[in-house]
Amino acid sequence: MKSYVFFSAYFKEKETVAASRIYGLTKSLKTLGNEIVLCSPNVNFGNVSDDYFIDKFIYLPTEENPFLEKIRKVYKKNRIYEERNSERNSFRPYENVRSLIDNNILWYDHFYSPSRNQYFQVKYSSKLIKQIALQFSNSNPILVTSSGPSIMNYFGYKMKKKNPNIFWVADYRDLNQNNPYKSDKFNFKGKKMDKLVFKYADLITTVSYGAKEQNIENARKMGYDIRDRTYVLYNGYSKDEVSRISSFELSKKYKDILSSLKIKIIFTGTIYPLRRIDLFFEALREVDNALFVYAGGSYDLVDYYRNKLKIESKVINLKVISKEEAEFLQRNSDILLQLKADVKEDGILTGKFFEYLQKNKRILSLGDKDEEYNEICKSLKNVDILPYDKGRIAEYINSLKLEDLKENYDPNIERFSWEILAKEFDDFISQKLIERKSTA
């Protein structure tokens, strides 16, 4: 049996895609007979996941940030303005201020809670690190720090300094540098956290081969060679977590959607920058056989384009709903919409994609410039990839027939189950520990 100690700002809250990675990994590692210790914020979240398999909780000190909450509405409003009016890849208003906030506040030591609709700050505590280090003074656990926020790497560094014999795994859900979805301007703290990881971590995990290669390049520019210390740990799905919700209450609540004879295209989640929901809506204007249902925090953006393009009858905007409701709608969809960027990207494999995979539904993925993603999808029979071409999207939707959209389970998705991913990861860690012992 091995002991894993996880540091993560995300775990409990079902609505966060980031939490599903840590939840799926820790639960599957536990079924393999390992001890699991979780260090995570003690916040009174709303819709939370089961935690019965966690052997011990250690709570990270967390605070509210009133100043950040005051500027958050301006930040969100400005982002929507940019999505509507700015040219792609052009200078955006307040870019310097936003970069400063993103890199040194939001990405560094803050996390967002959908159920609380606010950001929280994770506070570093040397006292806490000393207490944890004392607990494991007679053993050498595997320490896993999940970033972001990137301060998790600082916890890992301090733990490693206290006990050099621990095996530190720095997990990157997102890149701190050369991330296509944020600027590198004023990225002081992110680069500092990267430097600590590249120098001291025993293993560096990422969510895709594209992210792995970018991290290797980031390390090289800082003077470190991490090629032998990298591992791709995909996001995944848990077989026993597949939603089977068919409650009478939800069926009644969404009866108008469920009873529609049109093809139900559903998107649940955040619409990130560079995702061309506007172009998808333009394609919807050209079809009469589809109903688009949106649920998530980008409801203002959806409302804007729905009204601007006068397609109110073809778009239902549910705004923010619970995880259970979102999964219920996914299970009762005909098509699940996946939005990729409209620029070249490398290995952006979000947790949302794997959440969609487990539903055994047809996935329409817009954006065809991610070569790693495209290669993975070649073996998945339920995924159709189209470029951001309004005519081709409209032609695709018009060609669909309800009778051809039955659930069709694809066994190829099983390689992305947490049961398999965690076993491969655990075996890899075991081998690394043997190698380290033999060279000691």
Verify the distance criterion only: is there a donor paired with an acceptor across the side chains of Tyr4 and Asp426 at less than 3.5 Å?
yes

Derivation and outcome, side chain to side chain donor-acceptor pair (under 3.5 Å), residues Ser20 and Glu355
CA-CA 9 Å; Ser20 64; Glu355 180 182 303; 5.8 Å; no

Test side chain to side chain donor-acceptor pair (under 3.5 Å), reference Arg362, set Asp384, Asp404, Asp334, output is Asp384

All ring pair (Phe, Tyr, Trp, His ring centres under 6.0 Å) counterparts of Phe292, not counting sequence neighbours
Phe280, Phe281

Quick check on Lys2: does its NZ atom have over 12 non-hydrogen neighbours (other residues, nucleotides or ligands) under 6.0 Å away?
yes

Has Glu217 got more than 12 heavy atoms of other residues, nucleotides or ligands less than 6.0 Å from its CD?
yes

Take Lys189 and Asp109, measure what salt bridge (charged side-chain N to carboxylate O under 4.0 Å, His left out) needs, and give me the verdict at the end.
CA-CA 10 Å; Lys189 291 186 177 179; Asp109 60 1; 5.3 Å; no

Is there side-chain contact between Tyr234 and Ile376, with heavy atoms separated by less than 4.5 Å?
yes

Could you check whether Arg173 and Ser8, counting side-chain N and O atoms only, form a donor-acceptor pair closer than 3.5 Å?
no

Here the ring pair (Phe, Tyr, Trp, His ring centres under 6.0 Å) pairs for residues 198-229, sequence neighbours left out, are Tyr157-Tyr200

Kindly indicate whether the side chain of Thr31, heavy atoms from C-beta on, has any atom under 4.5 Å from the side chain of Glu419.
no

For Lys30, is the NZ atom crowded, meaning more than 12 foreign heavy atoms sit under 6.0 Å from it?
yes

For Asn103, which of Lys185, Lys191, Lys182 qualifies under side chain to side chain donor-acceptor pair (under 3.5 Å)?
Lys182

Find the distance between CD (Gln177) and NZ (Lys221) and round it off to the nearest 0.5 Å.
8.5 Å

With distance as the sole criterion, is a donor-acceptor pair present between the side chains of Asn382 and Asp410 under 3.5 Å?
no

Residue Lys344 excluded, over 12 heavy atoms near NZ under 6.0 Å
yes

Phe53 and Tyr23 aromatic centres sub-6.0 Å:
yes

Exercise: do Ser417 and Glu414 side chains pair donor with acceptor under 3.5 Å
no

What I want to check is whether the side chains of Thr145 and Trp168 have a donor and an acceptor closer together than 3.5 Å.
yes

More than 12 heavy atoms of other groups within 6.0 Å of Lys199 NZ
no

Using a 3.5 Å distance criterion without hydrogens, assess whether the side chain of Lys340 forms a donor-acceptor pair with backbone atoms of Ile348.
yes

Give a yes or no on whether Arg227 atom CZ has more than 12 heavy-atom contacts from other residues, nucleotides or ligands under 6.0 Å away.
no

